[in-house]
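Worksheet: the structure to be examined is printed underneath.
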2 protein chains.
Amino acid sequence: MDVDDIKNMDEFASVVGISRPTISKYFNDADSVRPTTRLKIEEALKKYKYRPNIYAINQNRKLTKNIGIIVPYLADPFFAEIARFLERRVLDFGFMPSLFSAHGDTDIEKTSLDTLRSLRPAGVLLAPLGRASDKRHIEEFCRDVPTILFDSNIEGIGEAFIGSDNFSFVSQTVEYLNRTGSTPTFFEMSDPANPNAIKRRNAYLAMMKQLELEPHMVQIEGSGWEFEEIGRAGALKILKPDALPTDTILCSNDRLAIGLLSACYELGIRVGREKDSELRVASHDDHPYSKFTCPSLTTAAHDYESVASQSVDTLFKLIEAGGRFNNREEKLFAARLIMRDSA
Amino acid sequence: MDVDDIKNMDEFASVVGISRPTISKYFNDADSVRPTTRLKIEEALKKYKYRPNIYAINQNRKLTKNIGIIVPYLADPFFAEIARFLERRVLDFGFMPSLFSAHGDTDIEKTSLDTLRSLRPAGVLLAPLGRASDKRHIEEFCRDVPTILFDSNIEGIGEAFIGSDNFSFVSQTVEYLNRTGSTPTFFEMSDPANPNAIKRRNAYLAMMKQLELEPHMVQIEGSGWEFEEIGRAGALKILKPDALPTDTILCSNDRLAIGLLSACYELGIRVGREKDSELRVASHDDHPYSKFTCPSLTTAAHDYESVASQSVDTLFKLIEAGGRFNNREEKLFAARLIMRDSA
DNA sequence: ATAAAAAATTTACGCGCGTAAAAATATTTT
DNA sequence: AAAATATTTTTACGCGCGTAAATTTTTTAT
């Protein structure tokens with residue numbers, strides 16, 4: 001038999017001198033065969049480079065070894081990072097991640113779900129677009145495929161939700177800003193598509209009430225996922241002399257803050273916590289670029305690693321449980337305040 | 001027959017009242033069956049939501065409808081953007097894109113190639129890591145799978161290369177900077193992993209020679225893909241008073257420039273083309289964030305759309321040609337100078 | 001050494017679809 | 001209307017592997 005001319009498991013079995021069902025068993029669980037057999041197979045595997053046909057495998061399994069991952073917007077490095085963590089963890093379990101991005105578009109999100117369904121994945125990790133999502137479509141998808149939501153919650157959809165505790169984010173930044181200077185004014189989109197944004201707004205209001213302070217909100221126009229541009233345009237509008245009630249701005253998220261800081265720079269507004277600064281700016285997410293803004297951005301950091309590993313672990317628990325949980329779990333991770341130069 | 005209880009093509013064929021081979025033909029090419037037959041099938045498709053099993057399909061086709069896409073580092077928004085364009089274009093051809101990221105790691109790149117091979121894709125679009133790539137491994141992969149390289153070239157590997165004309169990038173920025181102020185000093189990594197970086201260095205040298213000017217290079221240490229951090233750390237080292245031969249810096253790429261600009265800000269160095277500026281900074285790539293640096297970054301822009309569509313078009317030409325070209329084509333796209341505030 | 005348990009083998013069938021060849025039917029052309 | 005052409009149907013086989021049941025062989029325990 002030619003070294004690289006093995007077409008199927010039958011031929012491989014015959015060159016190893018072991019029956020095909022045993023080979024099949026080995027590929028499904030290397031530990032399920034006798035050590036000596038395993039050794040023989042692995043020796044042969046080095047010599048003849050045979051791999052089982054993935055399509056034939058998946059056709060005959062009720063459950064494939066695929067795990068779908070859908071993020072709303074992959075061009076956002078935040079989601080690229082999360083996806084990286086998720087992929088690695090999925091691989092650790094011996095499963096095969098398939099990454100999709102909705103690219104901020106409802107139809108693409110739907111198409112991705114449909115495509116994913118046809119892949120018959122063992123489970124799916126979904127960070128939905130949020131308000132723009134077709135909830136019915138996702139709900140229907142979740143009936144067929146064991147699905148865990150992460151990052152962005154939709155009440156009642158998916159068997160569990162893993163995300164960040166927005167109150168923890170906002171309470172830490174508000175408390176810090178308030179303690180070290182003037183009361184923060186909340187800077188956000190007037191009509192955010194992301195449910196976390198709503199939660200952060202409410203957390204800000206709750207926190208201000210708790211501190212017995214008057215809340216101030218600046219709500220800017222804009223839609224879509226170009227948050228930096230929206231933040232910048234909004235900032236250029238509102239950053240007029242004496243237009244702000246306080247000299248501290250708390251942005252709903254880092255991408256808005258990146259846009260806002262670029263506007264401040266352009267307008268010559270000195271941002272920071274120095275004595276001669278005119279404005280302090282803080283935000284939430286610890287976006288990969290927040291270290292490189294001017295000045296560097298004080299923010300509340302996600303626990304990427306924990307959110308990712310908890311999401312994957314929960315998904316595999318779900319798969320083992322047969323795809324259904326008795327009650328929908330929600331697990332939220334607290335933020336870690338990252339003090340940099342902007343506030 | 002229950003509306004959503006159709007398991008296979010046989011059952012679907014019987015509810016439509018048409019033979020299975022005809023149904024199969026329809027799914028492979030809707031136009032290959034009589035219009036009346038097509039209508040009947042599509043009516044039934046609305047009523048009974050049946051989809052052919054993707055695994056059974058691919059098992060029996062010599063060529064699948066998959067197109068693999070591998071980028072070196074997806075957390076870089078530049079590659080996320082390119083990937084988005086590629087995906088869309090692949091879908092336009094009726095094929096199914098599978099996106100992989102090497103995450104800057106040689107082993108992950110190899111694993112991704114292996115995984116992709118087992119998917120038996122019709123073709124692959126590969127942006128390799130560059131110097132860190134295992135060239136033999138890629139070469140071997142290319143023997144089995146029709147592959148087009150993009151963004152980052154490796155001589156002789158792959159059936160074609162689509163990328164950017166680095167000389168066009170650098171000549172435009174050098175010419176512009178030289179015309180409007182002092183001669184640019186080239187800022188780069190001393191030992192860049194990316195072949196484009198080498199080409200840009202050479203282009204800078206060639207261009208300076210052509211202009212009969214003395215070239216100045218600043219080469220900073222660092223490895224990996226955290227270019228912003230490398231640029232920042234390098235800048236903090238070299239930005240001492242009178243350390244630079246000229247007051248104009250041309251960065252090899254935007255991510256280094258983002259780091260450098262953040263260092264400039266921290267050091268209180270005024271960057272821009274105003275009279276009171278101390279330093280001008282320009283760069284290459286038109287990274288999605290270069291609009292939001294402080295000041296906004298003057299740079300040379302890739303033609304994302306053209307590179308992406310040309311890559312995909314070339315790949316499908318390659319597939320139609322049976323997976324081999326007579327000679328390896330190289331297509332390079334020119335840059336477009338984007339003048340912003342930094343230079 | 002013998003019995004019990006574990007692992008491997010043999011045999012056999014099924015998965016859902018592609019596809020080829022021959023026969024039957026429908027459509028278009030003359 | 002008949003002939004020529006195009007389409008569909010029937011029949012049949014194969015793809016590569018999962019998996020179940022019965023049997024044989026090997027390993028472990030007594």
Side-chain angles (χ1 to χ4, degrees), chain A residues 1 4-45 48-66 94-96 117-122, chain B residues 1 4-45 48-66 94 96 117-120 122:
Chain A
M1 179 69 62
D4 43 30
D5 194 37
I6 294 194
K7 291 186 170 183
N8 54 37
M9 208 179 263
D10 259 318
E11 290 185 9
F12 182 67
S14 68
V15 300
V16 186
I18 288 181
S19 75
R20 190 179 67 74
T22 306
I23 306 281
S24 173
K25 228 178 153 210
Y26 166 83
F27 277 111
N28 281 307
D29 179 7
D31 283 322
S32 71
V33 301
R34 217 176 299 164
T36 58
T37 324
R38 177 173 176 172
L39 217 71
K40 276 203 283 183
I41 295 175
E42 281 166 356
E43 284 303 313
L45 230 34
Y48 312 88
K49 47 179 180 177
Y50 160 78
R51 303 281 131 167
N53 181 307
I54 188 85
Y55 298 108
I57 291 175
N58 284 331
Q59 182 177 21
N60 294 311
R61 248 204 277 263
K62 20 201 145 266
L63 229 55
T64 69
K65 289 265 190 180
N66 298 327
F95 280 63
M96 158 84 171
R117 195 207 312 261
S118 76
L119 255 41
R120 299 207 331 265
Chain B
M1 180 69 62
D4 42 31
D5 194 37
I6 293 192
K7 291 186 169 182
N8 54 38
M9 208 179 263
D10 259 319
E11 291 185 9
F12 183 66
S14 67
V15 299
V16 186
I18 288 180
S19 76
R20 189 178 68 73
T22 306
I23 305 280
S24 172
K25 227 176 153 212
Y26 165 84
F27 278 110
N28 280 307
D29 179 6
D31 283 324
S32 71
V33 300
R34 216 176 298 164
T36 57
T37 324
R38 177 172 176 173
L39 217 71
K40 275 202 284 183
I41 296 175
E42 281 166 355
E43 284 303 312
L45 230 35
Y48 312 88
K49 46 178 181 179
Y50 160 77
R51 304 280 132 166
N53 181 308
I54 187 87
Y55 299 108
I57 290 175
N58 284 331
Q59 182 176 22
N60 295 310
R61 247 204 279 264
K62 23 211 132 265
L63 228 56
T64 69
K65 291 264 188 178
N66 297 328
M96 157 85 174
R117 195 207 311 260
S118 77
L119 255 41
R120 299 207 331 265

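All heavy atoms count here, side chains included; hydrogens, waters and symmetry mates do not.
- Between the P atom of D/dT8 and the CD1 atom of B/I41 lies a distance of 8 Å, rounded to the nearest Å.
- Put simply, the side chain of A/R120 gets close to the backbone of A/R61: a donor and an acceptor are under 3.5 Å apart.
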Detail all sub-3.5 Å separations between protein N/O atoms and N/O atoms belonging to nucleotides 14-22 of chain C.
unit_1: C/dG14; atom_1: N2; unit_2: A/N60; atom_2: OD1; d: 3.2
unit_1: C/dC15; atom_1: O2; unit_2: A/N60; atom_2: OD1; d: 2.3
unit_1: C/dG16; atom_1: O4'; unit_2: A/Q59; atom_2: NE2; d: 3.1
unit_1: C/dG16; atom_1: N2; unit_2: B/N60; atom_2: ND2; d: 2.8
unit_1: C/dG16; atom_1: N3; unit_2: A/Q59; atom_2: NE2; d: 2.8
unit_1: C/dC17; atom_1: OP1; unit_2: B/Y50; atom_2: OH; d: 2.4
unit_1: C/dC17; atom_1: OP1; unit_2: B/N53; atom_2: N; d: 2.9
unit_1: C/dC17; atom_1: OP2; unit_2: B/M9; atom_2: N; d: 2.3
unit_1: C/dC17; atom_1: OP2; unit_2: B/Y50; atom_2: OH; d: 3.3
unit_1: C/dC17; atom_1: O2; unit_2: B/N60; atom_2: ND2; d: 2.8
unit_1: C/dG18; atom_1: OP2; unit_2: B/S24; atom_2: OG; d: 2.4
unit_1: C/dG18; atom_1: N7; unit_2: B/R20; atom_2: NH1; d: 3.4
unit_1: C/dG18; atom_1: O6; unit_2: B/R20; atom_2: NH2; d: 2.9
unit_1: C/dT19; atom_1: OP1; unit_2: B/K62; atom_2: NZ; d: 3.3
unit_1: C/dT19; atom_1: O4; unit_2: B/R20; atom_2: NH2; d: 3.4

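- Side-chain N/O atoms of B/S19 include one lying less than 4.0 angstrom from OP1 or OP2 on D/dT9.
- For the atom pair B/Y26 OH and B/I18 CD1, the distance stands at 10.5 Å (nearest 0.5 Å).
- Using a 4.5 Å cut-off on side-chain heavy atoms (C-beta onward), A/M9 and A/F27 make contact.
- Atom CD1 of residue B/I54 and atom CG of residue B/N66 lie 6.5 Å apart, to the nearest 0.5 angstrom.
- For the atom pair CG (A/N8) and OG (A/S14), the distance works out to 8.5 Å, reported to the nearest 0.5 Å.
- Looking at residues 29-40 of chain A, you'll see A/R34 sit with a heavy atom under 4.0 Å from some atom of DNA chain D.
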Subject >> Criterion side chain to side chain contact (heavy atoms under 4.5 Å, CB included) on A/F12 and A/L45, from CA distance to verdict >> reply: CA-CA 9 Å; A/F12 182 67; A/L45 230 34; 3.3 Å; yes
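- A search for side chain to side chain donor-acceptor pair (under 3.5 Å) contacts involving B/S24 returns nothing, not counting sequence neighbours.
- In this structure the side chain of B/T22 reaches within 4.5 angstrom of the side chain of B/V33, judged on heavy atoms.
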